[in-house]
Protein chains: 2
Amino acid sequence: MSFTYKHPRAALTVDCVVFALNDRDLNDRDLNVLLIQRNGPPFAGCWALPGGFVELDETLAHAASRELREETGLDSIRLEQLCAIGDVDRDPRERVVTIAYHALVRMSEQQAQAASDARAVAWFAVNDLPNLAFDHNKILSLAYQRLRDKVRYQPIGLELLPERFTLRHLQHLYEAVLDRPLDKRDFRRKILSMGLLVEVDEIKTDVACREARLYRFDKAKYARLLKRGFTFEM
Amino acid sequence: MSFTYKHPRAALTVDCVVFALNDRDLNDRDLNVLLIQRNGPPFAGCWALPGGFVELDETLAHAASRELREETGLDSIRLEQLCAIGDVDRDPRERVVTIAYHALVRMSEQQAQAASDARAVAWFAVNDLPNLAFDHNKILSLAYQRLRDKVRYQPIGLELLPERFTLRHLQHLYEAVLDRPLDKRDFRRKILSMGLLVEVDEIKTDVACREARLYRFDKAKYARLLKRGFTFEM
DNA sequence: CCAAAAGTGTTTCACGTACACCCATGC
DNA sequence: GCATGGGTGTACGTGAAACACTTTTGG
């Protein structure tokens, strides 16, 4: 089967940059990204962002979800469009334009498993990355920058942390992404004054120290506030 | 001549949303957008965003600049990527994925002239638009929304107004884009305190009224401040 | 009793906001 | 002299930032 056109056409792909925190071990504060090891050429054996070709009867967002699911097993991820990248020689085979998507997930909720044309799947710390296939290092940098911009006006911590978390964990997350220390009292006051956190039952977190109160994020309230023009700011 | 592939391929286009203020008549406060009237089918005779197919040997940004120049005569415009749109049935002919770009220009510096497959070119007030071809009304809404977001943290006024302008004009621009009235004294205080405006010689602007001081934007200073982590906020 | 992290208040300062009057100019 | 827009100062409230000690728990 083949398809013929009057003019040459670029191939169209999607790529997914999925970020996660290790929400099982909250002392591990590295931000991680999901990569696959390519099975076939080009860049066989090389690590790359999950992604692939867009089918004619699916939207771009659908293609991104599908490829992510097929290659890594991650399903029902809320992907957001990042940008389109169309440098002429970014793929050695032919002209390929890619639409990049990004997402934030809780690592513990995801069972990454290699499938499709991925030899392996793994989480990598964004500050300790291998050389990736194609221009994927560049795409990843763009996504990381977008994340840093986004953290200031969207409650991303609440997508990255476990369901229940301490204020200290939330503060560590913000310190990691914003890359500066925050005052404990000011941070607590500010985040609590938004009224988006709900206290849950206490749990001992570490040895040899006072137990901390756990909170969860009030999604419904956040949605209500958003509709009224509320903007989260950090 | 024809081109054959193993899998069917979407066509790839770019579309440009070019905004401008009428900087000759600053009492005309409407924000305008550049549209072309389509010559051929589909949507012949219908107004649409300038744009067209991406060639295989050019980047996406290049395609956007080229199509804009070919169809409207506008050249050397700094286009920024907005998003990729790939709904399955957005073009009645076949699957077409488009990359939307947007830009801000001074209307007086542009000589819009219909060419290529555009029957006519014209500026339309964004608040009084006709029904556009394809999903171009939707793309335009996205671009307008992006502009409103952007106005708050980038000095866009300085791209839209003439080289020298009064504080009143700048305020009118912000009121138009932010869609709310601003206090004159507070606006002047805030914008002047940033130190990005330079006084130039006075000129009488209107009849029957006191002459107003003109300012120009200090681009060099803005660039220096940006490097030091300054963020413009309105 | 010691180590380790949790939790808590106050002061200061900058900034946003609200608000009203006189001034210069052209007709 | 009047209509038109230009230009100016002050008071108040909110929110960011800086800062140090006591409490609880496990070992």
Side-chain angles (χ1 to χ4, degrees), chain A residues 25-29 151-153 155 161-162 164-176 178-216 225 229-234, chain B residues 25-29 151-153 157 161-162 164-176 178-216 225 229-234:
Chain A
D25 176 9
L26 287 163
N27 294 318
D28 170 9
R29 301 199 208 152
V151 73
R152 273 184 266 169
Y153 58 91
L161 289 177
R164 303 134 117 238
F165 50 86
T166 67
L167 293 182
R168 164 76 30 165
H169 291 144
L170 189 57
Q171 184 177 343
H172 281 164
L173 169 64
Y174 275 94
E175 287 177 332
L178 294 175
D179 198 29
R180 66 187 164 99
L182 301 172
D183 181 84
K184 181 165 56 159
R185 282 162 294 187
D186 292 336
F187 179 80
R188 297 166 83 90
R189 187 178 19 249
K190 179 163 186 180
I191 200 83
L192 288 176
S193 72
M194 294 187 196
L196 292 172
L197 298 187
V198 183
E199 295 184 2
V200 298
D201 47 323
E202 299 196 3
I203 289 195
K204 292 162 187 137
T205 51
D206 286 307
V207 290
C209 105
R210 179 173 167 182
E211 57 191 20
R213 184 173 296 276
L214 291 175
Y215 292 85
R216 65 175 180 78
L225 286 176
F230 168 83
T231 50
F232 180 93
E233 262 183 53
M234 189 47 69
Chain B
D25 176 9
L26 287 162
N27 294 319
D28 170 9
R29 301 200 209 150
V151 72
R152 272 184 269 168
Y153 57 90
L161 289 177
R164 304 133 118 240
F165 49 86
T166 67
L167 292 183
R168 164 78 28 165
H169 292 144
L170 189 57
Q171 183 178 344
H172 282 164
L173 169 65
Y174 275 94
E175 288 178 332
L178 294 175
D179 198 29
R180 64 184 165 101
L182 300 172
D183 182 85
K184 183 165 57 160
R185 283 162 294 188
D186 294 337
F187 180 79
R188 297 168 80 90
R189 189 183 13 252
K190 180 160 185 180
I191 201 83
L192 287 175
S193 73
M194 293 186 195
L196 291 172
L197 297 187
V198 184
E199 295 183 3
V200 297
D201 46 323
E202 299 194 5
I203 288 193
K204 292 159 187 143
T205 52
D206 286 306
V207 290
C209 109
R210 180 173 168 183
E211 57 191 20
R213 184 172 294 278
L214 291 176
Y215 293 85
R216 64 174 180 78
L225 286 175
F230 168 83
T231 50
F232 179 93
E233 261 183 54
M234 187 48 68

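Computed from heavy atoms alone, side chains included, the values below leave out hydrogens, waters and symmetry copies.
Whole-Å rounding puts the Phe232(A) CZ to dG15(D) P distance at 15 Å. Across the protein-nucleic acid pair, Phe187(A) atom CZ and dG7(C) atom P stand 13 Å apart, rounded to whole Å. Between Ile191(A) atom CD1 and dG7(C) atom P there is a gap of 15 Å when expressed in whole angstrom units. One interatomic measurement links the two molecules: CG of Leu182(A) to P of dA18(D), which rounds to 11 Å at whole-angstrom precision. One can place NZ of Lys184(A) at 6 Å from P of dA6(C), the figure rounded to the nearest angstrom. In this structure, CZ of Arg152(A) is placed 15 Å from P of dA16(D), rounded to the nearest angstrom. Distance Arg213(B) CZ to dA24(C) P: 13 Å, rounded to the nearest Å. What separates CE of Met194(A) from P of dG15(D) is a distance of 11 Å, to the nearest Å.
Remark: Arg168(A) is in phosphate contact with dA6(C), judged by side-chain N or O atoms under 4.0 Å from OP1 or OP2. For the pair Lys190(B) and dG16(C), the criterion of a side-chain N or O lying under 4.0 Å from OP1 or OP2 is met.
Side-chain atoms of Phe187(B) and Met234(B), non-hydrogen and from C-beta on, do get closer than 4.5 Å to each other. Counting heavy atoms from C-beta outward, Leu161(A) and Tyr215(A) have side chains that stay 4.5 Å or more apart. Side-chain atoms of Leu192(A) and Leu167(A), non-hydrogen and from C-beta on, do get closer than 4.5 Å to each other.
Across all strands shown, Arg188(B) has heavy atoms under 4.0 Å from base atoms, whether or not it also approaches the sugar-phosphate.
Nearer the 5' end of DNA chain C, as judged by each residue's closest nucleotide, is the contact made by Ala212(A), out of Ala212(A) and Asp183(A). Comparing Arg189(A) and Leu167(A) against DNA chain C, the residue whose closest nucleotide sits nearer the 5' end is Leu167(A). Comparing Arg185(A) and Glu211(A) by the nucleotide of DNA chain D that holds the closest heavy atom to each, the one mapping nearer the 5' end is Arg185(A).
The two residues Gln171(A) and Asp183(A) make their nearest non-hydrogen contact at NE2-C, 4.1 Å.
Listed nucleotides: dA18(D), dG9(D), dT8(C). Nearest to the side chain of Asp186(A): dA18(D).
Shown are Arg180(B), Lys184(B), Arg185(B); of these, the side-chain contact (heavy atoms from CB on, under 4.5 Å) with Leu182(B) is made only by Arg180(B).
Evaluation of atom-type donor-acceptor distances gives a pair under 3.5 Å for the side chain of Arg210(A) against the base of dA6(C).
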